[in-house]
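Below: one structure, written as structure tokens.
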Amino acid sequence: MKAIFINGSPRKNKNTAKMLESAMLGAQEAGAETELVHLYDIQFAGCKSCFACKLKNSKCNGVCAIKDDLRPLLERCRKADVLVLGSPVYYSYPTGVIRSFMERLMFPIGTYMYESTENGEGHEGGKHVVLRDKVIPTAMIFTMNCPEGYMKQIGYTTLLEENTKVMEDIFGYAETLYACNTYQFNDYSKYDFNLFSEEDKRRYRDEHFPIDLENARQLGKRLVEKAKEQ
């Protein structure tokens with residue numbers, strides 16, 4: 001049982017990474033072998049629209065045809081039993097690097113095909129054909145400076161969960177987990193800000209981030225248990 005965790009944040013020891021590490025702990029407790037990958041350590045770009053993965057009789061087999069530093073990770077993800085992506089929210093969206101990764105990961109697995117009907121034709125109401133052998137439980141973890149109430153007010157859940165919907169279509173199962181109102185800086189005195197109170201931020205972190213981490217741990221455990229059911 002292999003679970004891979006993808007950090008789409010440029011920081012390796014802050015909120016997103018800590019959430020992923022806690023999810024990894026839960027996965028390990030459920031018996032999985034785990035791997036944490038920091039995307040900012042890898043030199044790669046997003047989908048180049050070469051359509052090699054969509055050619056008739058393509059030999060890509062669900063893995064992006066571009067041979068770069070990302071390719072080995074994509075091959076490992078293709079074989080994983082559990083996959084969790086984490087990203088901070090920058091201007092309403094996941095980071096550019098996590099979106100580029102998702103393009104390269106999912107476009108070759110998805111197809112432009114629906115299951116054939118009795119007359120051999122595809123039908124849009126039919127089942128979408130995806131190049132996977134099993135359901136792979138997945139999740140997206142989003143961390144953000146935005147408080148939870150304001151996140152919902154401005155529609156972040158609608159925007160962000162579109163990413164999770166694609167994960168569910170491609171891999172068969174997906175969850176979303178949020179960590180809101182995060183503590184951003186080690187020393188707030190060095191930065192210009194008056195949008196919020198550092199004292200309130202620190203208090204919220206001390207009270208709520210341990211709960212967020214526990215939620216992540218339970219998520220990791222839950223996904224592995226679900227993978228065992230496949």
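Hydrophobic clustering (ILVMFWY, side-chain heavy atoms < 4.5 Å, transitive): Leu74 and Met140 are in one cluster. Hydrophobic clustering of Ile, Leu, Val, Met, Phe, Trp and Tyr side chains at less than 4.5 Å, counting indirect connections, unites Ile42 with Val97. Phe107 and Met167 end up in different hydrophobic clusters when Ile, Leu, Val, Met, Phe, Trp and Tyr side chains are linked at under 4.5 Å. Note: the hydrophobic cluster containing Tyr40 also contains Leu105 (ILVMFWY, side chain heavy atoms under 4.5 Å, direct or indirect links). If you chain together hydrophobic residues whose side chains sit under 4.5 Å apart, Leu83 and Val166 fall into the same group.
Cys47 contributes atom SG, which lies 11.0 Å from atom CZ of Arg99 (distance to the nearest 0.5 angstrom). Rounded to the nearest 0.5 Å, atoms SG (Cys64) and CG (Leu73) are 11.5 Å apart. In this structure, CG in Asn145 is found 7.5 Å from CG in Leu195, a value given to the nearest 0.5 Å. Atoms CD and CG, on Gln43 and Leu70 in that order, are 11.0 Å from each other to the nearest 0.5 Å. Atom CG of Leu219 is separated from atom CG of Leu20 by 9.5 Å, given to the nearest 0.5 angstrom. Here SG of Cys50 is found 8.0 Å from CG of Leu55. Values are rounded to the nearest 0.5 Å.
The one candidate from Lys134, Lys2, Lys226 that meets the salt bridge (charged side-chain N to carboxylate O under 4.0 Å, His left out) condition with Asp81 is Lys134.
Asn15 places none of its side-chain heavy atoms less than 4.5 Å from the side chain of Met19. Contact check for Phe142 versus Pro94: side-chain heavy atoms found under the 4.5 Å cut-off. Considering only heavy atoms from C-beta on, Pro108 stays 4.5 Å or farther from Cys60 through its side chain. Using a 4.5 Å cut-off on side-chain heavy atoms (C-beta onward), Glu33 and Met1 make no contact. The shortest side-chain heavy-atom distance between Met102 and Leu85 falls under the 4.5 Å cut-off. Using a 4.5 Å heavy-atom threshold, the side chains of Ile136 and Val82 count as separate. Looking at heavy atoms from C-beta onward, Leu160 lies in side-chain contact with Tyr178 at the 4.5 angstrom threshold. Using a 4.5 Å heavy-atom cutoff, the side chains of Tyr173 and Thr138 are not in contact.
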Should Lys12 and Asp41 be marked as a salt bridge (Lys or Arg N to Asp or Glu O under 4.0 Å) after you check the CA-CA gap, both sets of side-chain angles, and the distance that decides it? CA-CA 10 Å; Lys12 297 181 179 180; Asp41 286 345; 3.0 Å; yes

side-chain contact (heavy atoms from CB on, under 4.5 Å) between Glu29 and Arg217, worked out: CA-CA 9 Å; Glu29 291 172 346; Arg217 188 177 73 87; 2.5 Å; yes

Please determine whether salt bridge (Lys or Arg N to Asp or Glu O under 4.0 Å) holds for the pair Lys165 and Glu162, giving the CA-CA distance in whole Å, both sets of side-chain angles, and the decisive distance to 0.1 Å. CA-CA 5 Å; Lys165 288 179 183 177; Glu162 284 300 315; 3.2 Å; yes

Residues Val89, Tyr156; criterion side-chain contact (heavy atoms from CB on, under 4.5 Å); working and verdict: CA-CA 9 Å; Val89 176; Tyr156 267 18; 3.8 Å; yes

Could you walk me through whether Lys48 and Ile66 satisfy the side-chain contact (heavy atoms from CB on, under 4.5 Å) test, starting with their C-alpha distance in whole Å, then the side-chain angles of each, then the deciding distance to 0.1 Å, before giving a yes or no? CA-CA 9 Å; Lys48 295 184 178 180; Ile66 300 172; 3.8 Å; yes

The test is side-chain contact (heavy atoms from CB on, under 4.5 Å); show your working for Phe5 and Leu36 and say whether it passes. CA-CA 5 Å; Phe5 298 79; Leu36 175 63; 4.0 Å; yes

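For the pair His128 (side chain) and Asp169 (backbone), a donor-acceptor distance under 3.5 Å is absent. The closest donor-acceptor contact from the side chain of Ser58 to the backbone of Lys54 lies at 3.5 Å or more, if one exists at all. Looking at Thr95, its side chain does come within 3.5 Å of a backbone N or O of Gly8 through a donor-acceptor pair. A donor-acceptor pair under 3.5 Å links the side-chain atoms of Ser22 to the main chain of Leu213, judged by distance alone.
Judged by distance alone, the side chains of Tyr191 and Gln184 never bring a donor and an acceptor atom under 3.5 Å apart. Side-chain polar atoms of Thr143 and Thr16 form a donor-acceptor pair below 3.5 angstrom. If you check the side chains of Asn186 and Lys14, you find a donor sitting under 3.5 Å from an acceptor. Judged purely by distance below 3.5 Å, without hydrogens or angles, the side chains of Asn181 and Arg205 never pair a donor atom with an acceptor atom. Between the side chains of Glu161 and Thr176, no donor-acceptor pair is found at a separation under 3.5 Å.
A ring-centre distance under 6.0 Å is not found for Tyr93 and Tyr90.
In the displayed structure, Asp187 atom CG is contacted under 6.0 Å by more than 12 heavy atoms of other residues, nucleotides or ligands.
A salt bridge links Glu148 and Lys152; the closest N-O separation between the charged side-chain nitrogens and carboxylate oxygens is under 4.0 Å. Look at Glu75 and Arg78 and you find no salt bridge, because none of the NZ, NE, NH1 or NH2 atoms lies under 4.0 Å from a carboxylate O. Using a cut-off of 4.0 Å between Lys/Arg side-chain N and Asp/Glu carboxylate O, Arg104 and Asp68 are scored as salt-bridged. Between Glu207 and Arg203 no salt bridge is recorded (no basic side-chain N to carboxylate O distance below 4.0 Å).
Summarising the geometry of Ala27 relative to Thr34, their closest heavy-atom pair is CB-CG2, 3.9 Å, with the distance given to 0.1 Å. The shortest non-hydrogen separation linking Val135 to Gly172 is CG1-C, 3.9 Å. For the pair Gly46 and Glu103, the tightest heavy-atom approach, listed with the atom from each and the gap, is CA-OE1, 3.5 Å. Residues Ile170 and Gly110 approach most closely at CD1-CA, 3.7 Å, considering heavy atoms. Between Arg71 and Ala65, the shortest heavy-atom distance links the atoms NH1-O, 3.5 Å. Shortest non-hydrogen contact noted between Asn7 and Arg11 is ND2-O, 3.2 Å.
Seen from the ring of Tyr188, Lys201 does not count as a face-on cation partner, given the 6.0 Å and 45° thresholds.
Below 30°, between 30° and 60°, or above 60°: for Tyr112 and Phe51 the angle between ring planes is between 30° and 60°, a tilted geometry. Taking the six-membered ring where the residue is Trp, Phe193 and Phe185 present tilted rings, their angle falling between 30° and 60°.
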